[in-house]
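For the numbers below, each heavy atom of this structure counts, side chains included, while hydrogens, waters and symmetry mates do not.
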Amino acid sequence: MAQTKFDKQVEETAESVAFGIGRFLAGRPMDGERKTNATFWRKGTRVLPKVEGKVSRSSYRAGWQRLVFRISWLAAAGEGAYLVSSHPDTTAHMVRDAWENPDPAIAAAQSGGIGLVSAAAVGSAAYRLATRKRREIMREWVTPLHEALAVPLGMSELTDPRRYLHVPRNFSDDDAEIRIDTPGHLRFNEDLVADLIKKKLALENVSFTWQRAGKNTHVVVKKRKAPPKKLGLSDPGVREILAKMPESAPLIGFGACKKKVSVDLDADSAHVLISAGTGGGKSTILRTICCQFIHNGAHAFVLDFKRISHTWARGVPGVTYCRDIAEIHDALIGLAQEGRRRLSLAEELADDVLEREPWRVGPRLVILLEEVNATMAQLKRYWAKIRETGDPKTSPAVDALAEILFMGRQVRLHVLLVAQSATARAIGGPEMRENFATRILVRYTLNAWRMLVPEVSPIPMPTEHPGRVQVVTRGRAQETQVLNLSNAEAREWAMSGVHAKATTGPALQKTAAPAADVLDDAWSTSVQALPPAPAAEPATDRDFLADAWSINLSAPAAAGSSATLPENASPAGDTDDAVVGLRKAQQDHLPEITLAALRRARADDPDFPAPVQRGNTHLYRVGDLKRWARNRPRGAAGTTDVD
């Protein structure tokens, strides 16, 4: 008897149901199309060849996981149906009440809906916040790595990168481990794959461990040569290395294999830019570099609008600490004038003399400009308040900074600039930013890297390891562990160098650089006025620019020390050059500070001006006292004394 069309349909339906039940119980896709290499017991890692279209996440699950999910769903649905069928009267009563009086049901639905929507919104926001870092890693690193490796490994580009690329969020840390599952056929070029991994993840000095046997073929990538995890002055050999570093090239830290990393201000870069977010260790880097310059005889100008970033430098010979915005304004203008004087002097010197004896133009001046984003804005506001009719609109201090940055390394003026966001607008223009050939980046964003060092590619992954930075110079980035000097260590190192030796004994008599008591006189300095060159670079004149910018360069800056009053100084008067006693200074010039507070500061504050002496009387220069009063440490609100 011939089979009818109906019989064929029944047979096909029964066969489809049987196959569906079999796929259901086997944990296989219900449409019968296998899209990944997942088995009943093992998760999938890649999409099979010739598969088209988007592959869902469930396709990567092992068969037993899909079976458990399906049975759980059926059990829940069956439980709900049983509860309804076992209480038909109750269900019918609830439906009838809701139909006859819908207001309570509508109110309950509204309140419940609002609660569900609010919970969903809060949960979604929390989930996005918790997974933000992971999404950034996927977007910036893992997905580009997958796009590069898919073809060399013989994988479909539709494969989910998370299934075979196991890249931790902190993969740039020293002890991080990267694992990449590879196809078992091993028909790929291992050298090519390793090279692509290094390039796409910006890795250096890493080792590759290949697992080729068995089913779980993979490669593990680890750092092989990393910088030290921490670096301090007490570590073996560090103090000796620090003492042997060239005067123009302070030690920044150690790189891989304990390689010394430094920047030579005479050969590599006259200025250094430090870009870091809050808590990135900007002050630590500046402290480490600056104390070495002071140790070797340089003068440091700390332009610190925050007032407390470098407390270690207070009272150190060779340091001028400018905390007040007016002081910073005047210091920048004075430094630019000194730079012009040095350019004029360098022009008169023969090239071979300038190259052989660079100190002839004057001592090295290092300018620490803290928080340039805030400082530049304050300088502009300050100039807007004090400028008079006919004055230029642009702050002369901002122009002075630009002038200093454009001066050559021959004038021995160097800027160490710190910025949270070193945009061209914050620094004064893109042309000013280009004067920083050395740039130190820490806890940077990808946008900050592309803005500051676009020539260095690929971009290394930033790390949160304390003290770990990227020192970029000559188009190359070096991962570096910064030498971490405490405040006490930095102060001790700065005070144990040339300045300390120059303040005792006959060392002061060997000073070769000409003193410039006022900037006007400095312009008249000529080559003929220079003394013969000594055998070694001499100590800097301790009175260099002292009257012009009030540089406190001498050891007598400490409390209790004294200097001899110049014979032509006036012991009293209303000008800032007048010298007076503390009582008269308090009465005539500092009425807002009590006499007891002045005496207490004279004993306790290392920044208190050094006295000049006439007989047994200690007198003070009025201008120095006023400057100290502006910059003195402030007490809490409501106090009336210095403490």
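Arg602 CZ to Leu625 CG: the interatomic distance, rounded to the nearest 0.5 Å, is 11.0 Å. Expressed to the nearest 0.5 Å, how far CD1 of Ile252 lies from CD1 of Ile440 amounts to 4.0 Å. Atom CG of residue Leu231 and atom CG of residue Leu251 lie 7.0 Å apart, to the nearest 0.5 angstrom. For the atom pair Ile294 CD1 and His299 NE2, the distance stands at 10.0 Å (nearest 0.5 Å). Atom CG of Leu286 and atom SG of Cys291 lie 11.0 Å apart (nearest 0.5 Å). The CG atom of Leu332 sits 7.0 Å away from the CG atom of Leu369 when rounded to the nearest 0.5 Å.
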Quiz item: So Asn205 and Glu479, side chain to side chain contact (heavy atoms under 4.5 Å, CB included) or not? Walk me through it.
Solution: CA-CA 11 Å; Asn205 298 317; Glu479 187 179 24; over 6 Å; no
Exercise. Please step through side chain to side chain contact (heavy atoms under 4.5 Å, CB included) for the pair Ile328 and Gln378, ending with a clear verdict.
Key: CA-CA 10 Å; Ile328 296 174; Gln378 290 293 332; over 6 Å; no
Practice problem: Go through the steps to decide whether Asp330 and Arg627 satisfy the test side chain to side chain contact (heavy atoms under 4.5 Å, CB included), and finish with yes or no. | Solution: CA-CA 12 Å; Asp330 295 342; Arg627 185 173 295 103; over 6 Å; no
Exercise. List the steps and the verdict of side chain to side chain contact (heavy atoms under 4.5 Å, CB included) for Asp399 and Glu403.
Key: CA-CA 6 Å; Asp399 287 341; Glu403 187 176 353; over 6 Å; no
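Counting heavy atoms of neighbouring residues, nucleotides and ligands inside a 6.0 Å radius, atom CD of Gln478 exceeds 12 of them.
Residues Pro460 and Ala202 share a closest heavy-atom pair of CA-CB, 3.6 Å. Nearest heavy-atom pair, Ser395 versus Trp383, reported as atom, atom and distance to 0.1 Å: CA-CD1, 3.5 Å. Of all the heavy atoms in Pro227 and Asp174, the pair that sits closest is O-OD2, 3.9 Å. Contact between Cys257 and Lys225 at its shortest, heavy atoms only, is SG-CD, 3.2 Å.
The aromatic rings of Phe608 and Trp628 sit perpendicular, their planes meeting at an angle over 60°, well past the 30° parallel limit. Classification of the Trp141-Phe171 ring pair by plane angle, with boundaries at 30° and 60°, yields perpendicular. Relative ring orientation between Trp493 and His295 is described as parallel, the plane-to-plane angle staying below 30° on a 0-90° scale split at 30° and 60°.
Side-chain atoms of Glu327 do not come within 3.5 Å of backbone N or O of Asp324 as any donor-acceptor pair. Of the possible donor and acceptor atoms, one in the side chain of Lys223 sits under 3.5 Å from a partner among the backbone N and O of Ser172. Using a distance-only test at 3.5 Å, with no hydrogens or angles considered, no donor-acceptor pair links the side chain of His465 to the main chain of Asp173. When atom types are taken as modelled, the side chain of Gln481 and the backbone of Gly253 share no donor-acceptor pair closer than 3.5 angstrom. Of the possible donor and acceptor atoms, one in the side chain of Tyr321 sits under 3.5 Å from a partner among the backbone N and O of His310.
We find that Glu464 and Lys133 are not joined by a salt bridge, their nearest charged nitrogen and carboxylate oxygen being 4.0 Å or further apart. Ion pairing of Glu370 with Lys282 is absent here, as no side-chain N (NZ or NE/NH1/NH2) approaches a carboxylate O to less than 4.0 Å. The residues Glu247 and Arg412 are annotated as salt-bridged, a charged nitrogen and a carboxylate oxygen being separated by less than 4.0 angstrom. For the pair Asp607 and Arg323, the salt-bridge criterion is met [side-chain N within less than 4.0 Å of a carboxylate O].
Here the side chains of Leu265 and Phe293 are in contact, with some heavy-atom distance below 4.5 Å. Counting heavy atoms from C-beta on, the side chains of Ile241 and Phe254 come closer than 4.5 Å. Using a 4.5 Å heavy-atom threshold, the side chains of Trp449 and Val472 count as touching. At least one side-chain heavy atom of Tyr444 sits less than 4.5 Å from a side-chain heavy atom of Pro462. The side-chain heavy atoms of Arg450 and Leu446, taken from C-beta on, include a pair separated by under 4.5 Å. For the pair Thr473/Val263, no side-chain contact is recorded, criterion being any heavy-atom separation below 4.5 Å from C-beta on. For the pair Pro168 and Ile178, the minimum side-chain heavy-atom distance is below 4.5 Å.
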